[in-house]
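These notes are about the structure you will find just below.
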Amino acid sequence: MSQSVDSDVSVVRTYIDSHRAAFLDDLVEWLRIPSVSAQPEHATDVRRSADWLAAKLRETGFPTAEVWETPGAPAVFAEWPSADADAPTVLIYGHHDVQPAAREDGWDTEPFDPVIRANRLHARGAADDKGQVFFHTLGVRAHLAATGRTAPAVHLKMLIEGEEESGSPHFRTLVEAQAERIAADAVIVSDTGMWAEDTPTVCTGMRGLAECEIQLYGPDQDIHSGSFGGAVPNPATEIARLVAALHDEHGRVAIPGFYDGVIELTDRERELFAELPFDEERWLRTAKSTATCGEAGHTTLERIWARPTAEVNGIGGGYQGAGSKTIIPSSAMVKLSFRLVAGQNPDHIEKAVTAWAAERIPAGIRHEITFSGSTRPCLTPLDHPALQSVVRAMGRAFQQPIRHTREGGSGPAADLQEVLDAPVLFLGISVPSDGWHAPNEKVELDLLFKGVETSAYLWAELAESTHEAH
């Protein structure tokens with residue numbers, strides 16, 4: 001049995017303080033490995049990173065730590081069974097590959113030569129995602145120290161992929177092939193962040209994504225606009241009409257069936273979003289924009305977190321050079337992306353977009369539509385016991401109320417939710433100023449160790465909430 005809450009907190013913090021220096025030494029060693037999955041010349045470094053992590057997880061205490069091969073970069077799997085046979089199983093997800101980085105990109109120091117300045121650790125991967133993966137290693141040891149256990153209160157597993165920064169091209173296949181090994185009652189994603197240093201938050205969901213390119217073909221070649229203009233269909237005109245038809249006058253996506261199945265925000269969720277200290281003018285400055293727009297009846301945060309969207313990512317056709325060239329072009333194109341929310345199915349969206357486009361293309365225009373890989377949305381209800389465990393663990397670490405956010409972007413977490421049929425929970429301590437994918441990426445050390453502390457409390461919280469639910 002665990003000790004009292006106050007005693008647990010004291011033991012956890014003492015343990016973390018006494019192991020802080022060694023933890024940072026290890027993390028710095030890992031950050032020195034330039035595990036850039038997008039660059040073939042770093043393939044051996046990505047493998048070195050996987051080998052390093054597997055060895056360190058075995059050193060942490062995981063009886064099983066394996067490097068799993070994929071057609072691309074390797075992933076790492078680790079498992080540490082609980083002594084309690086009926087304990088829940090929890091899978092931690094993260095990634096060990098990083099974005100490309102070079103000094104000439106604008107870094108103040110070498111990106112793979114970690115530097116600590118003003119209580120911040122600067123290096124590529126410090127926040128995204130090595131730091132947030134690695135805090136679990138010290139967290140689980142602090143958990144054992146506080147509870148007197150020799151194994152975690154949950155059956156603890158880790159799956160740390162090596163291709164997230166390259167779009168996770170082999171992740172879904174890996175998850176499906178290893179579904180039995182990675183089966184879990186809950187998934188903890190530590191590849192996310194918080195609202196701000198003074199506003200700790202837990203993310204409850206991510207949007208999904210579908211993408212397509214539509215090509216329109218008219219005349220077999222560019223033709224004279226004086227001789228044929230106004231008498232034959234123009235692909236560039238039709239692509240413009242297609243784009244103009246994407247939304248109605250209220251900013252809603254006008255594709256029939258697009259909103260089928262959408263899970264609407266509850267009043268409570270809208271209240272929680274409204275509690276966040278959101279400065280729209282500051283947000284606009286970050287967006288390098290001067291005005292907001294979007295679906296009527298929703299706030300900016302609701303639009304980017306909990307509403308589906310259709311965006312034009314690129315459009316082209318006809319003459320693009322200097323001066324004029326009076327032609328009807330032979331072709332035109334548009335690239336579209338659709339951010340999806342809980343309840344939407346990418347397969348359904350593909351069919352809806354395909355039917356919508358076909359219906360709007362006039363005679364004399366041939367079209368092709370090509371979809372790339374899709375990502376499903378994921379959402380954990382506010383009242384889910386596992387989510388409440390994360391909130392309580394963070395609350396104990398930060399000693400203040402934990403607020404709620406969602407993530408407007410998309411990621412591979414939804415594959416885990418779908419294949420494993422388990423709730424996805426987000427535990428991250430990174431803040432917007434950490435500069436993911438940017439020069440001088442960093443992690444705030446105080447927050448990094450709050451992540452360690454949260455991890456230390458989480459496993460007993462999850463075990464207890466599961467037993468109470470049963």
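Here, residue 1 is the first one in the sequence, and each next residue gets the next number.
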Can you list the residues that meet the side chain to side chain contact (heavy atoms under 4.5 Å, CB included) rule with [X], with sequence neighbours excluded?
X	answer
R172	E176, D415, E418, V419
E295	R252, Y259, H298, R307
T70	E163, H170, L174

Under a 4.0 Å N-O cut-off, is there an ion pair linking [X] with [Y]?
X	Y	result
R406	E269	yes
R48	D51	no
D279	R285	no
K442	D108	no
E66	R181	yes
R270	E302	yes
R120	D434	no

Item to complete: Could you walk me through whether Y93 and F171 pass the ring pair (Phe, Tyr, Trp, His ring centres under 6.0 Å) test, one step at a time?
Response: CA-CA 12 Å; Y93 166 83; F171 186 69; 5.4 Å; yes
Using only heavy-atom distances, determine whether the side chains of [X] and [Y] contain a donor-acceptor pair under 3.5 Å.
X	Y	result
E461	W459	no
S190	H136	yes
T192	E407	no
S389	S465	yes
H348	N345	no
S410	T375	no
D128	H95	yes
W107	E441	no
T199	R403	no
S82	H155	no

[X] side chain to [Y] main-chain N or O, any donor-acceptor pair under 3.5 Å?
X	Y	answer
K130	V28	no
S455	G451	no
H143	G139	no
E311	N313	no
K450	A397	yes
T14	V11	no

Fill in: Interatomic spacing from CG in L416 to CD1 in I188 - rounded to 0.5 Å
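These two atoms lie 11.5 Å from each other.
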Worksheet item: Atom OG1 of T137 and atom CZ of F62: how far apart are they, to the nearest 0.5 Å?
Response: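 Going from the OG1 atom of T137 to the CZ atom of F62 covers 8.5 Å.
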Worksheet item: Is R32 close enough and on-axis enough to F112, meaning under 6.0 Å and within 45°, for cation-pi?
Response: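 No; the conditions do not both hold, so R32 does not lie above the ring face of F112.
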Worksheet item: After noting the C-alpha distance and the side-chain angles of E161 and S168, does the key distance pass the side-chain hydrogen bond (donor to acceptor under 3.5 Å, both in side chains) rule?
Response: CA-CA 8 Å; E161 73 159 312; S168 301; 2.8 Å; yes
Fill in: Audit row: S49, H96, side-chain hydrogen bond (donor to acceptor under 3.5 Å, both in side chains) steps and yes/no
CA-CA 7 Å; S49 173; H96 68 93; 3.0 Å; yes
Practice prompt. With sequence neighbours excluded, tell me which residues meet side chain to side chain donor-acceptor pair (under 3.5 Å) with K335.
Written response: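 With sequence neighbours excluded, K335 shows a side chain to side chain donor-acceptor pair (under 3.5 Å) to E213, given in chain and number order.
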Worksheet item: side chain to side chain donor-acceptor pair (under 3.5 Å) with E197: which residues, sequence neighbours excluded?
Response: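 Checked E197 against side chain to side chain donor-acceptor pair (under 3.5 Å); zero matches.
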Fill in: Within the 6.0 Å centroid threshold, strictly below: F135 and F449
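No; F449 has its ring centre 6.0 Å or more from that of F135.
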Fill in: Distance flag, aromatic centroids of W30 and F23, threshold under 6.0 Å
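Ring centroids of F23 and W30 are no less than 6.0 Å from each other.
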Discussion item. Classify the ring geometry of W305 against W195: parallel below 30°, tilted from 30° to 60°, perpendicular beyond 60°.
Written reply: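 W305 vs W195 ring planes: perpendicular.
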Item to complete: Report the residues that fulfil salt bridge (Lys or Arg N to Asp or Glu O under 4.0 Å) with D446, sequence neighbours left out, ordered by chain and then residue number.
Response: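 None.
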Discussion item. To check you understand the geometry: which heavy-atom pair defines the closest contact between T201 and M194, and what is its length?
Written reply: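 Residues T201 and M194, closest heavy atoms: OG1-CA, 3.3 Å.
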Fill in: Working for side-chain hydrogen bond (donor to acceptor under 3.5 Å, both in side chains), residues Q132 and S430
CA-CA 8 Å; Q132 299 203 90; S430 184; 4.8 Å; no
